[in-house]
Amino acid sequence: MENKKIVVALGRNAFGETFPEQQANVKKAAKAIGDLVEARYDVIITHSNGPQVGMIQTAMTEFARLDSRYTVAPMSLCGAMSEGYIGFDLQNAIRTELLNRGIYKTVSTIITQVRVDPFDSAFSNPTKVIGRYMTKEEADAEEAKGNYVVEEDGRYRRIIASPMPIDIYEIDAVRALVDAGQVVIAGGGGGIPVLQQGTKLKGASAIIEKDYTAAKLAELVNADVLLFLTAYDKLTIEKGTPNEKVFDTVSARELHQYIKAGHFPAKTTFPKVDAAIRFVTADPDRKAIICSLEHAKDGLAGRTGTTITA
Ligand SMILES: Nc1ncnc2c1ncn2[C@@H]1O[C@H](COP(=O)(O)OP(=O)(O)O)[C@@H](O)[C@H]1O
Ligand SMILES: NC(=O)OP(=O)(O)O
């Protein structure tokens, strides 16, 4: 019997923020992926990159300040670096985890370019928070450079456009590796946003929401399952209030009602919920699952997590 295909979206908690944190945290992600491979799934992974791309951008900006021959690195280039850096740690950790289980499979990271629309309204309405917290002085300096900044409880962070993914240029490479039974990391950090200009692809100053790229990947490889691994075990609304609701299984139709009622904030759960709805409504045999990184296997089996159906 053919293996089922699963696209896994790893959230920020799978990485942490510093080099040592990432090396330690990816081991948990690798364990989750190992469980899915053992459960006979073909696995395609995408992941978060907000903290890392912010770190890389800060480092590159500082470098340009120190050496006048260099200009500030474009955000698309910082995104590419984050794909390479995170992919390196992740593919190594997954390789080790699989070998420790006696499984021999190549794990590869594909530097993935994702088509975005130059007229996407996201370019005039930035929503994606990236990088570390800044002081007021640092935030003012960013704004003076023409960058957008958002305040969060008296602290400041960079905020950048997050257009929707339209297409994935390396999708045939992803399919070829998956069909060969290999583990693929693709569309990391939502992929590198590019604008198609004739035969050229021009990097865009944006960060794509990885949850949407995960759904696009899942659609293009015709996956059976889209699995979001986060820091939370189940999708919850009105947490900590008498009206708290924890979802075990929920349909796209029901979720639409909760969205209409204003649940699922744009900066946290909305992209996951919206991406899950888009994926499952295209084919009733599909399911999306939101669960914690630690309980990926149980989430897939329906023992925990939130399962979203058409
Ligand atoms: N099940 C959930 N319930 C409530 N909030 C959640 C849930 N899953 C994620 N979030 C919120 O959404 C944000 C994004 O989650 P995640 O995708 O795991 O990380 P990120 O997008 O930061 O890489 C988190 O910071 C968290 O606050
Ligand atoms: N690219 C992206 O969605 O990153 P985060 O999940 O870290 O915000």
Answer yes or no: is there a donor N or O on one side and an acceptor on the other, between the side chain of Glu238 and the main chain of Lys245, under 3.5 Å? no
Excluding sequence neighbours, so at least two apart, what forms side-chain contact (heavy atoms from CB on, under 4.5 Å) with Asp35? Lys31, Arg101, Lys297
Lys5 vs Asp42, test: salt bridge (charged side-chain N to carboxylate O under 4.0 Å, His left out). Steps then yes/no. CA-CA 5 Å; Lys5 283 196 200 91; Asp42 287 334; over 6 Å; no
Side-chain donor or acceptor of Arg115 paired with backbone N/O of Ile168 under 3.5 Å: no
Would you kindly say whether Gln52 and Glu17 are connected by a side-chain donor-acceptor distance under 3.5 Å? no
Roughly how far, to the nearest 0.5 Å, is CG of Asp117 from CD1 of Ile166? 4.5 Å
When you look at CZ of Arg40, are more than 12 heavy atoms from neighbouring residues, nucleotides or ligands closer to it than 6.0 Å? no
For the residue pair Ala296 and Leu227, what are the closest heavy atoms and their distance? CB-CD2, 4.4 Å
Looking only at side chains, do Glu244 and Thr241 share a donor and an acceptor under 3.5 Å apart? no
Donor-acceptor pair, Thr306 side chain versus Thr249 backbone, under 3.5 Å? no
Between Thr213 (side chain) and Lys210 (backbone), is there a donor-acceptor pair under 3.5 Å? no
Between the side chain of Gln182 and the main-chain N/O of Leu177, is any donor-acceptor distance below 3.5 Å? no
Just wondering, more than 12 heavy atoms not from Arg175 lying within 6.0 Å of its CZ? yes
Would you confirm whether Glu138, through its side chain, and Thr135, through its main-chain N or O, come within 3.5 Å as a donor-acceptor pair? yes
Checking Lys28 side chain against Ala14 main chain: does a donor-acceptor pair fall under 3.5 Å? no
What's the separation between atom CD1 in Ile6 and atom CG in Asp224, rounded to the nearest 0.5 Å? 9.0 Å
Any chance the rings of Tyr212 and Phe279 have centres within less than 6.0 Å? no
Classify the angle between the aromatic ring planes of Phe63 and Tyr70 as parallel (below 30°), tilted (30 to 60°) or perpendicular (above 60°). tilted
Please answer whether the main-chain N or O of Gly11 pairs with a side-chain N or O of Ser48 as donor and acceptor at a distance below 3.5 Å. no
Under 3.5 Å, is there a donor-acceptor pair between the Thr109 and Gln91 side chains? yes
How far does CD1 of Ile185 sit from CD1 of Ile86, to the nearest 0.5 angstrom? 10.0 Å
Within this structure, what is the OG1-CD1 distance for the pair Thr269 and Ile237, rounded to the nearest 0.5 Å? 9.5 Å
Atom CZ of Phe123: over 12 foreign heavy atoms under 6.0 Å: yes
Within the side chain of Thr236, is there an N or O that forms a donor-acceptor pair under 3.5 Å with the backbone of Lys239? no
Test side-chain contact (heavy atoms from CB on, under 4.5 Å) applied to Asn49 and Ile56, Ile207, Ile208, the passing residue: Ile207
For salt bridge (charged side-chain N to carboxylate O under 4.0 Å, His left out), just list the numbers for Arg158 and Glu142, CA-CA rounded to whole Å, side-chain angles, deciding distance to a tenth of an Å, and then say yes or no. CA-CA 8 Å; Arg158 282 274 320 264; Glu142 285 295 334; 3.8 Å; yes
Mind checking what makes ring-ring contact (aromatic ring centres under 6.0 Å, His included) contact with Tyr133, not counting sequence neighbours? none
Using a 3.5 Å distance criterion without hydrogens, assess whether the side chain of Gln23 forms a donor-acceptor pair with backbone atoms of Pro20. no
Would you call the rings of Phe247 and Tyr258 parallel, tilted or perpendicular, taking 30° and 60° as the class edges? perpendicular
Steps toward salt bridge (charged side-chain N to carboxylate O under 4.0 Å, His left out) verdict (Glu152, Arg155): CA-CA 5 Å; Glu152 286 179 3; Arg155 297 188 295 170; over 6 Å; no
Can you name the closest pair of heavy atoms from Tyr41 and Leu300 and give their distance? CE1-CD2, 3.4 Å
Could you check Leu90 against His47 for side chain to side chain contact (heavy atoms under 4.5 Å, CB included), going step by step and ending with a plain yes or no? CA-CA 10 Å; Leu90 199 52; His47 58 77; 4.1 Å; yes
